[in-house]
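Data first, discussion second: the structure below is written as structure tokens.
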There are 2 protein chains.
Amino acid sequence: MSRNEVEMPGERKRHAPRGSNAKPLTGIREVARLAGVSVGTVSNVLNRPDKVSEATLARVEQVIERLDFVPNRGAADLRTGRSRMIGLVVPDITNPFFADVARGAVDAAGQQGYVVVLCNCDQDIDKQNGYLDVLEEQRVAGVLINPIGAIPSGLSRLRDRGSGVVLVDRSAKLSDYSSAAVDDVRGGQVAIEHLLGLGAKRIALVNGPTSLRQCSDRRRGARRALSAAGRSADDLIEVVNSTMTIHAGVSAVDQLLALDSTPDAVFCTNDLLAIGVTRALAQVGRDVPGDVAVMGYDDVDLAAEAPVPLTSIGQPKYELGHVATELLLKELPMGADAKHERVVFQPHLTVRNSTTATP
Amino acid sequence: MSRNEVEMPGERKRHAPRGSNAKPLTGIREVARLAGVSVGTVSNVLNRPDKVSEATLARVEQVIERLDFVPNRGAADLRTGRSRMIGLVVPDITNPFFADVARGAVDAAGQQGYVVVLCNCDQDIDKQNGYLDVLEEQRVAGVLINPIGAIPSGLSRLRDRGSGVVLVDRSAKLSDYSSAAVDDVRGGQVAIEHLLGLGAKRIALVNGPTSLRQCSDRRRGARRALSAAGRSADDLIEVVNSTMTIHAGVSAVDQLLALDSTPDAVFCTNDLLAIGVTRALAQVGRDVPGDVAVMGYDDVDLAAEAPVPLTSIGQPKYELGHVATELLLKELPMGADAKHERVVFQPHLTVRNSTTATP
DNA sequence: CTGAAAGCGCTAACAC
DNA sequence: GTGTTAGCGCTTTCAG
């Protein structure tokens with residue numbers, strides 16, 4: 001590699017440390033020099049190729065190729081004032097729900113040339129707020145967030161600084177943020193409607209902690225369906241568990257069996273609970289769905305492969321992340337006076353053997 | 001699945017006007033002006049507070065506070081030439097293994113002030129290479145990657161441009177990249193040793209596609225353990241499946257039962273297969289572990305909660321991501337002449353009821 | 001259609 | 001200690 005004396009026509013000698021070049025010195029400027037054009041032109045071939053003559057275009061592109069030149073996006077971002085990265089803030093990427101959301105978000109972002117930085121809060125509010133600060137320093141174009149508790153105040157600062165914000169799986173009734181969420185109330189309703197349609201008389205709800213919005217929403221939907229069917233919402237037998245595991249489902253059955261008359265249908269607010277319930281029921285000789293119909297929620301992969309394939313309510317997780325991102329990207333150019341919109345996805349029922357022997 | 005959009009009236013609240021000037025002009029310069037110091041000093045309070053006098057420090061910090069000033073990391077990165085972001089390239093973030101790796105990586109990165117951009121390839125090599133290009137444009141500090149096929153050539157370009165590269169869950173025997181991986185050969189070996197220790201005579205391996213490195217490695221370990229115990233590696237009965245699902249496990253049992261004499265122990269290369277095998281065995285009246293011991297691999301949450309709790313080989317997933325990141329961060333300052341190291345994690349055995357009735 | 005020039009916000013020498 | 005200053009690599013008027 002020979003050292004070539006860089007001779008600038010424009011007489012810029014005010015720069016000392018460039019006399020003896022040890023650096024590969026690749027940049028738009030070097031491309032311009034080698035192609036015999038100005039940096040402005042190179043910038044044009046990069047961003048507005050249509051505004052450059054065929055000849056120059058070809059020549060510049062060739063040099064770019066030869067030099068292995070790759071534009072520095074960071075520099076461009078600094079100059080234009082807007083970054084091409086968006087932050088995704090989730091409570092736990094290890095939760096399959098959020099992993100799917102992330103996949104949707106990453107895809108949608110990628111399609112528009114954006115990159116997503118993953119912020120995993122581990123259910124910790126302080127960590128969440130810390131990430132918000134980091135994202136602020138990074139001057140992200142926007143943030144997608146499923147806030148852990150209340151809407152963090154950091155979000156408004158982010159927005160004041162020009163970043164977009166959209167809430168994921170969290171409606172924003174009172175706050176003025178766009179959001180994409182799935183309708184859990186509806187999910188609970190659909191579940192009970194299904195059970196009712198099967199002719200269920202005594203329905204039980206096996207729930208998780210009602211402090212979780214999803215749990216309370218699904219419960220609300222369940223009660224609503226009962227009322228809508230002309231029955232008292234209080235007919236719903238409820239068992240709440242502090243965790244939503246198979247084990248919790250198993251023990252829930254103890255409570256169910258202790259009742260005066262056993263329910264003939266049970267709606268579990270997630271699939272693990274349902275699997276536990278099904279198993280425990282089988283152990284005491286109750287047939288599913290013969291004696292009692294059981295359904296779950298989430299429609300995880302496992303649901304279809306359970307000993308008795310599980311009827312479940314699925315959520316469009318990927319779409320959630322995807323649409324949330326598109327929402328964000330869409331309101332970016334509108335700046336401060338963007339109209340915020342809320343899109344609500346509907347959960348959907350997948351019927352399997354656990355509620356109907358012959359699906 | 002319908003989707004309805006509701007428009008919310010957008011309310012915009014801008015920050016209070018900075019000073020009485022027209023421009024929102026917030027930046028190190030504005031801080032300097034209001035604090036009556038030079039930009040250099042402000043930069044110092046930001047990066048080297050110890051080099052600033054108590055008085056000035058306090059004054060500048062107060063102005064920073066008042067202005068809600070947050071430094072622009074992108075600008076700093078451009079200036080210093082090194083970015084504070086690292087790319088994480090995985091085949092599928094939806095795979096619990098990689099979700100955990102991601103969590104480890106994000107944590108480790110965050111601790112050092114780095115941010116991780118998530119690149120999800122969906123098992124698509126082109127997509128993977130596309131991300132490598134994007135990361136190159138972003139001039140990331142480094143990339144963590146679990147390459148889909150062969151080591152992508154993009155990695156060397158990345159490195160030439162100054163980014164660090166470390167392979168995740170992929171050893172790099174021939175290539176000169178650092179790596180963090182878990183020893184799957186060892187895992188297979190440990191599994192068989194466990195079964196042998198239980199007194200197993202006829203051992204079966206229920207495997208996934210051997211085109212997957214994990215599958216072939218585990219198989220290799222299994223055979224090795226057999227040899228080490230003075231038995232022929234060919235004593236190992238093998239069933240390979242194209243998928244690694246519960247269903248595949250169920251059908252594997254058909255093949256097992258068709259043998260002259262049924263095995264008394266089976267090692268499945270993942271937990272889903274093992275669950276399927278256990279279930280199918282139960283259906284034909286074989287007791288687990290009484291008649292046949294069954295074990296899985298991965299030690300997913302589900303393993304402990306299976307109908308008969310599953311003995312399984314677990315991998316330190318979080319640590320993998322964490323250490324890979326630390327490896328990367330460590331070799332960053334060393335630049336081109338970093339010595340590359342490979343860290344190998346050992347999988348570990350968790351014994352449950354599926355191999356020993358009384359654990 | 002192309003070139004020249006002015007920075008984006010910040011850091012890092014060097015001077016005082 | 002603190003101020004000055006020259007850019008990092010790129011986009012973007014504004015002339016020609």
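Within every chain, numbering begins at 1; the chains are lettered A, B, ... in the order of the sequence lines, protein sequences first and strands thereafter.
- For B:R342, the CZ atom counts as densely surrounded, since its 6.0 Å shell holds more than 12 non-hydrogen atoms of other residues, nucleotides or ligands.
- Mapping B:L78 and B:K51 onto DNA chain D via the closest heavy atom, the residue that lands nearer the 5' end is B:K51.
- Note on the helix from C:dC1-D:dG16 to C:dC16-D:dG1: angle between the axes of the first and last five pairs equals 30°, rounded to 10 degrees.
- Note: CD1 (A:I64) to C1' (D:dG9) measures 14 Å, nearest angstrom.
- In this structure, B:T325 contributes its side chain and B:A109 its backbone to no donor-acceptor pair below 3.5 Å.
- Heavy-atom contacts from other residues, nucleotides or ligands closer than 6.0 Å to CD of B:Q62 number 12 or fewer.
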Can you pull every protein N or O that's under 3.5 Å from an N or O on nucleotides 14-16 of chain D?
none

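- By the neighbour-count criterion of 12 heavy atoms within 6.0 Å, atom CZ of A:R59 is densely surrounded, having more than that number from other residues, nucleotides or ligands.
- Around the NZ atom of B:K127, the shell of radius 6.0 Å holds more than 12 heavy atoms that belong to other residues, nucleotides or ligands.
- A:D124 meets the side chain to side chain donor-acceptor pair (under 3.5 Å) test with no other residue; sequence neighbours excluded.
- Taking 4.0 Å as the cut-off between side-chain N and carboxylate O, A:D122 and B:R103 count as a salt-bridged pair.
- By the neighbour-count criterion of 12 heavy atoms within 6.0 Å, atom CD of A:Q123 is densely surrounded, having more than that number from other residues, nucleotides or ligands.
- Atom-to-atom, CG of A:D50 to P of C:dC1 comes out at 8 Å; the value is rounded to the nearest Å.
- With sequence neighbours excluded, no residue forms a ring pair (Phe, Tyr, Trp, His ring centres under 6.0 Å) with B:F69.
- OP1 or OP2 of D:dT2 lies within a sub-4.0 Å distance of a side-chain N or O belonging to B:S53.
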Report all side-chain donor-acceptor pairs from residues 333-340 of chain B shorter than 3.5 Å, counting only partners two or more places apart or in another chain.
{"from": "B:H340", "atom 1": "ND1", "to": "B:D176", "atom 2": "O", "distance (Å)": "3.1"}
{"from": "B:H340", "atom 1": "NE2", "to": "B:R159", "atom 2": "NH2", "distance (Å)": "3.4"}

Using a cut-off of under 3.5 Å, enumerate the N/O to N/O pairs linking the protein to nucleotides 10-13 of chain C.
{"from": "C:dC10", "atom 1": "OP1", "to": "B:N72", "atom 2": "N", "distance (Å)": "2.9"}
{"from": "C:dC10", "atom 1": "OP2", "to": "B:I28", "atom 2": "N", "distance (Å)": "2.4"}
{"from": "C:dT11", "atom 1": "OP1", "to": "B:N47", "atom 2": "ND2", "distance (Å)": "3.2"}
{"from": "C:dT11", "atom 1": "OP2", "to": "B:S43", "atom 2": "OG", "distance (Å)": "3.1"}
{"from": "C:dT11", "atom 1": "OP2", "to": "B:N47", "atom 2": "ND2", "distance (Å)": "3.4"}
{"from": "C:dT11", "atom 1": "O2", "to": "B:R79", "atom 2": "NH1", "distance (Å)": "2.8"}
{"from": "C:dA12", "atom 1": "OP2", "to": "B:R48", "atom 2": "NH1", "distance (Å)": "3.2"}

